[in-house]
Student: 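Have a look at this one before I ask anything.
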Amino acid sequence: MRIVPYFLCAALLNGLVGVHGAFAADAAFQAWLQSLWPRAHELGVSRATFEAAMRGLEPDLSLPELVIPGRPELAAPGQPEFVLTPADYLKETTIEGLAAQGRKLLDHYHAPLTAIERQFGVPPTVLLAIFGRETDYGRSRDTHNAIRVLATQAYLGKRKEKFREEFLLALKMLEDGIVKLADMKSSWAGAMGLTQFLPSDFYKYAVDFDGDGRRDIWNSVPDALASTAKQLLNKGWQRDLRWAYEVHAPGNVDCTVGIPENTRQLGEWLKDGFVPAYGRAIAPAARVAPASLLQPAGLYGPAFLATRNYFAIKEYNFSDLYVLFVGHLSDRIVDPRPFETPWGRVAQLPSRDLDRMQEILTARGYYHDKIDGKAGMKTRAALGDYQKRNGLKVDCWPTAALLAHMQAKQD
């Protein structure tokens, strides 16, 4: 079969107009698929497996985050980490419901969870919390065709190169007999299994922990949780270290210091007036661990001292609210107490407004990270720095009024 260069496929796609648009799009997509054969072959994929996966394959234009000429981008569903306030994301009823089920699973899977912790150093409750957050302990099943999702994202998505490799590795999974094509289901973003692995994650971290000769992240809870533990260990998880400590910050706290790079030993934070919630004791050995200040809602909610394990979980899903959900749920499985400091009722700005804030902050030298429309630690600290230098109340939280002030200063 003749292989069409990728640049020609792109030209075909960009030239789609008129009544032949659908046909041309299909032809360009099919040509692009065939252009991947040499690389798939290098990975050990047979022609039979390749053709079986390609048969009848069409891009799924209903997926979000696609770049399609002439069509506005669809917002991403299922990403509450970036559109909800902390209070809405960390709902008490949701946390308690998942914690109750987590307690049952902690007992049911006691033996494999204990063995997983012994091998990888990750506590059972943390693994169960990720399991609960990702797929409701397996009760929420993926429904998308993984091959179609990954092919579409590789062809039309914002991160084509990344998803091109994920798509090719998905073909390798089929070739290696990891999963059957009909059973290869994923989320809309291409992640698979009980704890949501992309194909590259599977090949790096998947573990056969139940000893049946298969790395089954779809149906085997021990395999899925051990694989998750191996990934966390690779991301920097440290044995016998909490993910974070809720604390009461002193009244004169400077929220602009809450960035990952600003670390001090836990004991130093405590000497400066940060008091552990519920009077929790922090062992002397833990007090030497480095930690960063985290105030997810600026001054309007709980404060935390985040350890290296916090950031290991964040590598699993790059969202402060996701890590807080997982960390707090892991605590709640064995401790019924909620956060001691309640969340304030703050409003969440739309991503486009946060984009604009980041652009202004970047232009004025306050912010030096990517423009992503997300109010993460660095964005909140940069906002606080702007507030400080402009004589405003320093609370490190993005609001419509603050954006208006920033835009007015531009004029």
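Below, each value reflects all heavy atoms present in this structure, side chains not excepted, and no hydrogens, waters or symmetry copies.
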Student: Judged by modelled atom types alone, do E134 and T195 share a side-chain donor-acceptor pair under 3.5 Å?
Tutor: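 T195 and E134 do not have a side-chain donor-acceptor pair below 3.5 Å.
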Student: Using side chain to side chain donor-acceptor pair (under 3.5 Å), reason through S200 and E166 one step at a time and then give a plain yes or no.
Tutor: CA-CA 6 Å; S200 61; E166 297 295 348; 2.5 Å; yes
Student: Less than 6.0 angstrom separating the ring centers of F304 and Y245, yes or no?
Tutor: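 No, the ring centres sit 6.0 Å or more apart.
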Student: Counting C-beta onward and ignoring hydrogens, is there a side-chain heavy-atom pair between K409 and I360 closer than 4.5 Å?
Tutor: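 SC-SC contact between K409 and I360 ruled out.
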Student: Please determine which of R103, K91, R337 meets the salt bridge (Lys or Arg N to Asp or Glu O under 4.0 Å) test together with E96.
Tutor: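 Per the salt bridge (Lys or Arg N to Asp or Glu O under 4.0 Å) rule, the option paired with E96 is R103, out of R103, K91, R337.
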Student: Once you round to the nearest 0.5 Å, how far does CD of Q348 lie from OH of Y89?
Tutor: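 Q348 CD to Y89 OH: 12.5 Å, rounded to 0.5 Å.
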Student: With a 4.0 Å cut-off on N to O distance, would you call D385 and R380 a salt bridge?
Tutor: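 No, no charged N to carboxylate O under 4.0 Å.
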Student: Angle between ring planes, W32 versus F167, binned at 30° and 60°: parallel, tilted or perpendicular?
Tutor: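 Because their plane-to-plane angle is under 30°, the rings of W32 and F167 count as parallel.
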Student: Got F311 and S292 here, is their nearest side-chain heavy-atom distance under 4.5 Å?
Tutor: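 Yes, side chains in contact.
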Student: What I want to find out is whether D254 reaches K388 closely enough, with some N-O distance under 4.0 Å, to be called a salt bridge.
Tutor: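 Between K388 and D254 there is a salt bridge, with a charged N closer than 4.0 Å to a carboxylate O.
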Student: Hey, could you give me the CG/CG distance between L294 and L305, rounded to the nearest 0.5 Å?
Tutor: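 One gets 9.0 Å once the value is rounded to the nearest 0.5 Å.
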Student: I need the minimum non-hydrogen distance between C396 and G384, along with the two atoms involved.
Tutor: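 So the two residues come closest at SG-CA, 3.6 Å.
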Student: Would you call Q30 and L33 a side-chain contact if the rule is heavy atoms closer than 4.5 Å?
Tutor: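 Yes; the side chains approach each other to less than 4.5 Å.
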Student: For residues P123 and G121, report the shortest heavy-atom separation together with the two atoms involved.
Tutor: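 Distance-wise, the nearest heavy atoms are CD-O, 3.7 Å.
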Student: Do the side-chain N and O atoms of H405 and Q387 include a donor-acceptor pair separated by under 3.5 angstrom?
Tutor: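 The criterion, which ignores hydrogens and geometry beyond distance, is not satisfied for Q387 and H405.
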Student: Is the shortest side-chain N to carboxylate O distance from R215 to D210 below 4.0 Å?
Tutor: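 Judged by the 4.0 Å cut-off on N to carboxylate O distance, R215 and D210 do not form a salt bridge.
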Student: Where is the tightest heavy-atom contact between K185 and T143, given as atom of each residue plus distance?
Tutor: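 It is CD-O, 4.2 Å.
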Student: Using distance alone, with no hydrogens and no angle criterion, decide if Q358 and T379 have a side-chain donor and acceptor under 3.5 Å apart.
Tutor: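 A donor-acceptor contact under 3.5 Å links the two side chains.
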Student: Rounded to the nearest 0.5 Å, what separates atom NZ in K158 from atom NZ in K162?
Tutor: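 Here the interatomic distance stands at 15.0 Å.
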Student: Indicate yes or no: at least one non-hydrogen side-chain atom of L324 is less than 4.5 angstrom from one of L321.
Tutor: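 L324 reaches L321 side chain to side chain.
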Student: Check whether Y203 reaches the backbone of A206 with its side chain - one donor and one acceptor, N or O, closer than 3.5 Å.
Tutor: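 Checked: no pair found.
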Student: I'd like to know if D320 pairs up with K314 as an ion pair, taking the criterion as any Lys NZ or Arg NE/NH1/NH2 lying under 4.0 Å from an Asp or Glu carboxylate oxygen.
Tutor: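 Yes.
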Student: State, to 0.1 Å, how close T152 and E58 come at their nearest heavy-atom pair, and which atoms those are.
Tutor: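 Scanning both residues completely, I find the closest heavy atoms to be OG1-O, 4.4 Å.
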Student: What heavy-atom pair brings P398 and A375 nearest, and what distance separates the two atoms?
Tutor: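 Where P398 meets A375 most closely, the heavy atoms are CG-CB, 4.0 Å.
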Student: Establish, yes or no, whether the cationic atom of R133 lies under 6.0 Å from the six-membered ring centre of F131 and within 45° of the ring axis.
Tutor: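 Not satisfied by the 6.0 Å and 45° rule.
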Student: Are the aromatic ring centres of W397 and Y300 under 6.0 angstrom apart?
Tutor: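 Between Y300 and W397, which both carry aromatic rings, the centre distance is not below 6.0 Å.
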Student: Within the side chain of R287, is there an N or O that forms a donor-acceptor pair under 3.5 Å with the backbone of I282?
Tutor: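 Here the side-chain-to-backbone pair exists.
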Student: Please check if the number of heavy atoms outside R356 that lie under 6.0 Å from its CZ is greater than 12.
Tutor: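 Enclosed.
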Student: With no hydrogens and no angle check, just 3.5 Å: does a side-chain donor-acceptor pair link T49 and E175?
Tutor: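 Yes, a side-chain donor-acceptor pair sits under 3.5 Å.
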Student: Does the side chain of R364 come within less than 4.5 Å of Y386's, by heavy atoms?
Tutor: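 Yes - at least one pair of side-chain heavy atoms lies under 4.5 Å apart.
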Student: Go through it in stages, so that I can follow the logic: the residues are W218 and D223, the test is side chain to side chain donor-acceptor pair (under 3.5 Å), and I'd like the CA-CA distance, side-chain angles, deciding distance and then a yes or no.
Tutor: CA-CA 9 Å; W218 291 269; D223 285 7; over 6 Å; no
Student: L169 and P199: which non-hydrogen atoms are nearest, and at how many Å?
Tutor: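 Taking every non-hydrogen atom into account, CB-CB, 3.7 Å.
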Student: Hey, does I130 have a side-chain heavy atom less than 4.5 Å from the side chain of Y316?
Tutor: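 Answer yes - side chains close enough.
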Student: Between the side chains of E117 and R239, is the shortest nitrogen-to-carboxylate-oxygen separation below 4.0 Å, so that they form an ion pair?
Tutor: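 Here R239 does not pair with E117 in a salt bridge, since their nearest N and O are not under 4.0 Å apart.
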Student: Donor-acceptor check, side chain of S186 to backbone of M192, threshold 3.5 angstrom: yes or no?
Tutor: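 A pair under 3.5 Å: no.
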Student: Just verifying a value: how many Å separate S35 OG and R164 CZ, rounded to the nearest 0.5 Å?
Tutor: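 Here the interatomic distance stands at 7.0 Å.
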Student: Could you tell me if H328 and R332 have a donor-acceptor pair between their side chains, going purely by distance under 3.5 Å?
Tutor: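 A donor-acceptor contact under 3.5 Å links the two side chains.
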Student: Checking side-chain polar atoms at under 3.5 Å, does W188 have a donor or acceptor matched by the opposite partner on D60?
Tutor: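 The criterion, which ignores hydrogens and geometry beyond distance, is not satisfied for D60 and W188.
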Student: Output yes when a side-chain donor or acceptor of W243 lies under 3.5 Å from a complementary backbone atom of Y310, and no otherwise.
Tutor: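 Between the backbone of Y310 and the side chain of W243 there is no qualifying donor-acceptor contact (under 3.5 Å).
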Student: Does E268 pair with K271 as a salt bridge, N-O distance under 4.0 Å?
Tutor: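 Answer for the salt bridge query: no.
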Student: What pairs with P350 under side chain to side chain contact (heavy atoms under 4.5 Å, CB included), at least two apart in sequence or on another chain?
Tutor: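 Testing P350 for side chain to side chain contact (heavy atoms under 4.5 Å, CB included), a comparison that skips the adjacent residues, returns R352, D353.
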Student: Quick check for you: to the nearest 0.5 Å, what is the distance between L156 atom CG and L61 atom CG?
Tutor: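 Going from the CG atom of L156 to the CG atom of L61 covers 6.5 Å.
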Student: Are any non-hydrogen side-chain atoms of V207 and P222 less than 4.5 angstrom apart?
Tutor: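 The answer is no, as the side chains (C-beta and beyond) never meet within the 4.5 Å cut-off.
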Student: Could you check whether S140 and T135, counting side-chain N and O atoms only, form a donor-acceptor pair closer than 3.5 Å?
Tutor: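 No, no side-chain donor-acceptor pair sits under 3.5 Å.
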Student: Answer whether the closest heavy-atom distance between the side chains of W237 and I313 falls below 4.5 Å.
Tutor: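 SC-SC contact between W237 and I313 confirmed.
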Student: How many angstroms lie between CD1 in I217 and CD in Q196, if you round to the nearest 0.5 Å?
Tutor: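 Going from CD1 on I217 over to CD on Q196, the span is 8.5 Å.
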Student: Classify the ring geometry of W343 against F339: parallel below 30°, tilted from 30° to 60°, perpendicular beyond 60°.
Tutor: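 Perpendicular: the ring planes of W343 and F339 meet at over 60°.
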